[in-house]
Amino acid sequence: MTATNHTAPHPEPTPRRALVLFAHGARNPEWAEPLRYAQSVLSERLPDHTVTVAFLEFLSPTLTEAVMELAPTHSEIVIVPWFVAEGGHLQRDLPQLVNNLATRYPAVQFSCFPPIGTLEPVIRAIADAVVATLAAS
């Protein structure tokens, strides 16, 4: 008689680090399509991370809603502000939101990138795209 193993397959471990692409939001939901595309690309390139989006206003989920979903299964949440530069929302609103979330979820480590548009590789990529588009026109 042959013994058979009836144990269920082990579920995939939940990623412990999450990235939240945080954007302003707009009334037109199509506005978020490039952000959702970036989410898809990052999810492919960082398979050991959970990558999601969140919005300050107009669209869902909000940052609070996104973190509420992530916090039970993630020990670190990195917020990537999808803004061209640091204006009032990033100087006032985002720090207040993150402080409130850190108080609500003390077991989670929160950190924030600088605004995506201020990163040198992003500025160079935009410049390259402008030059290539001009050359093609």
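All values below come from the heavy atoms of this structure, side chains included, with hydrogens, waters and symmetry mates left out.
Minimum interatomic distance between L59 and P29 (heavy atoms only, all atoms of both residues): CD2-CA, 3.8 Å. Closest non-hydrogen pair, I77 versus A71, comes out as CD1-N, 4.3 Å. Here the closest heavy-atom approach between residue F58 and residue H24 is recorded as CE1-CE1, 3.9 Å. When all heavy atoms of W31 and A23 are compared, the pair lying nearest together is CH2-CB, 3.7 Å. Closest approach of H74 and V108 over heavy atoms only: O-CG2, 3.5 Å. The two atoms that bring C112 and L94 nearest to each other are SG-CD2, 4.1 Å, heavy atoms only.
Counting heavy atoms of neighbouring residues, nucleotides and ligands inside a 6.0 Å radius, atom CD of E57 exceeds 12 of them. When the shell of 6.0 Å around CD of E30 is examined, it contains 12 or fewer heavy atoms from other residues, nucleotides or ligands. Other residues, nucleotides and ligands contribute only 12 or fewer heavy atoms inside 6.0 Å of the CZ atom of F113.
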Task: side-chain contact (heavy atoms from CB on, under 4.5 Å) between F22 and L97, intermediate numbers included - done: CA-CA 12 Å; F22 177 64; L97 282 167; 4.2 Å; yes
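Residue pairs that meet the side chain to side chain donor-acceptor pair (under 3.5 Å) test with at least one member in residues 127-137, sequence neighbours left out, do not exist here.
Taking the side chain to side chain contact (heavy atoms under 4.5 Å, CB included) definition, one finds that S60 meets it with E65, sequence neighbours left out.
In this structure, L70 CG and R16 CZ are separated by 13.5 Å, a value rounded to the nearest 0.5 Å. Atoms OG1 and CZ, from T64 and R104 in turn, are 7.0 Å apart once rounded to the nearest 0.5 Å. Rounding to the nearest 0.5 Å places CG of N100 at 11.5 Å from OH of Y105.
Proximity of a side-chain donor or acceptor of E76 to a complementary backbone N or O of Q109 within less than 3.5 Å is not detected.
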Throw together a table of side-chain donor-acceptor distances under 3.5 angstrom for residues 116-125, partners on residues two or more places apart or in other chains.
{"unit_1": "T118", "atom_1": "OG1", "unit_2": "P115", "atom_2": "O", "d": "2.7"}
{"unit_1": "E120", "atom_1": "OE2", "unit_2": "R124", "atom_2": "NE", "d": "2.8"}
{"unit_1": "E120", "atom_1": "OE2", "unit_2": "R124", "atom_2": "NH2", "d": "3.3"}

